[in-house]
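Comments concern the structure below.
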Amino acid sequence: MITDSQTLFEWKLRATAQPKGRTVLDLEADSMHRHHEKLCLIQYADEQGVVIIDPLAIEDLQLFSLWMEDADIWMHGADYDMNLLQSTFNKLPHLILDTQIAARLLGFRQFGLAALVEHFFGVALSKKNQKADWGLRPMTDSMKEYAQGDVKYMLSMADILVERLKKAGRYDWFIESCELQMQKGRERHLAAGIDPWRIKGSGNLEARGLAALRELWNWRNNEAALWDRPAFMVCTNDDLIRWSFALQEFRSVNPPHYFHAHRAARFRKTIEHFQLLDEEEYPHPPKRVRHETDPEFDERLEHWQKRRNTIAETLDLEPCIIATRSQLESIATDYERGMQQLMSWQRKLMES
């Protein structure tokens, strides 16, 4: 376990010497236990074995950051890890090769890491520390064992997946899919600070309801910061949406009975502040694009759904991998623009 800069430098020499695509990363954070999550553990693997890097013990991680930006790295289900890398280092690796994407392109329906490791190697990974507080030190032996398990089998599994992808003629699909995942990850990171309170369900709110949601969102974040716990431990997003709809309709909203007195008082004060807002202070609802009535739209959509489903069945893939429902609707609305939303390999399949 690397806990000092000198050992990190020695690790960088080793990692830099590895061929492209022959290293593995996984990350652990304390997002289940703290308000502001932080990177708590970096699990690395190559042909020589597993190394664990402790970001909490090393003041300057620039050596890791410099190595990462030129590396092609295997990860599994990298969406969350991409957010963590960007919030910590403001960058991503040169290329993330995602074993979850590879497995799905080969038709696996159970594509979690534990399921794949058990499928390929007959090993049952422990789930005991999935929700552990990775910010705690010292770590227990079982936490270290769990951390190693996340990367221990990845290179061997990657070799099997790549061989099968190439045999099936889908390796190019895989690379393009990984590149698109990284592009979307960068876009999500850039958009994260823009009206973060516009959560799922907020699109159905009017201006008054959006104003209520914004105030309640800020209240919840402040409560989570005071408590130093994740925001969902204060209340859920569903709670925020439900309360916002009630306030939009001029119904009363009271704090839940389980709130302690101070939190309940701050909740009521937030509601009072919202009630005093002028309408000019309300946020604007998103502009909805209105499409002209097209009597043949449903017929075209059904055509593309059937085509997509037939292709998926032939290739033994989940239909959404070929094209999602929203992508099919875009194709049915405007063929040229809709097709441009697909990756090149998806377009070729749909157009063939």
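Worth knowing before you read on, the calculation uses all heavy atoms, side chains too, and leaves out hydrogens, waters and symmetry mates.
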Quick check for you: to the nearest 0.5 Å, what is the distance between [X] atom [atom1] and [Y] atom [atom2]?
X	Y	atom1	atom2	result
L113	D26	CG	CG	7.5 Å
L349	I321	CG	CD1	11.5 Å
I96	M75	CD1	CE	5.5 Å
F108	Q100	CZ	CD	12.5 Å
Q181	R188	CD	CZ	7.5 Å
L328	L342	CG	CG	8.0 Å

Can you see whether [X] engages [Y] through a side-chain donor-acceptor pair at a distance of less than 3.5 angstrom?
X	Y	answer
T236	D239	yes
H94	D72	yes
Q341	S330	yes
E187	Q183	yes
E28	Q43	yes

Exercise. Hey, mind stepping through D4 and T7 against side-chain hydrogen bond (donor to acceptor under 3.5 Å, both in side chains) and telling me if it holds?
Worked result: CA-CA 6 Å; D4 61 83; T7 315; 2.8 Å; yes
Is the shortest side-chain N to carboxylate O distance from [X] to [Y] below 4.0 Å?
X	Y	value
E329	R325	yes
D133	R34	yes
R214	D195	no
D172	K348	no
E272	R268	no
D294	R300	yes
R109	D316	yes

Exercise. Do R263 and W227 meet the cation-pi criteria used here (NZ or CZ under 6.0 Å from the six-membered ring centre, within 45° of the axis)?
Worked result: yes
For this session: Flag this pair as yes if the NZ/CZ of R220 is under 6.0 angstrom from the six-membered ring centre of W217 and inside a 45 degree cone about the axis; otherwise no.
Result: yes
Exercise. Is E318 reaching over with its side chain to a backbone N or O of R104, donor-acceptor style, under 3.5 angstrom?
Worked result: no
Exercise. Has the side chain of W74 got a donor or acceptor atom that lies under 3.5 Å from a matching backbone atom of G21?
Worked result: yes
Show me the donor-acceptor pairs within less than 3.5 Å that the side chains of residues 115-126 make with the rest of the protein, sequence neighbours left out.
| from | atom 1 | to | atom 2 | distance (Å) |
| --- | --- | --- | --- | --- |
| S126 | OG | K128 | N | 3.2 |

For residues 275-282, dump all side-chain donor-acceptor pairs below 3.5 Å to protein atoms at least two apart in sequence or in another chain.
| from | atom 1 | to | atom 2 | distance (Å) |
| --- | --- | --- | --- | --- |
| Q275 | OE1 | R208 | NH2 | 3.2 |
| E281 | OE2 | D278 | N | 2.9 |
| Y282 | OH | R208 | NH1 | 3.3 |

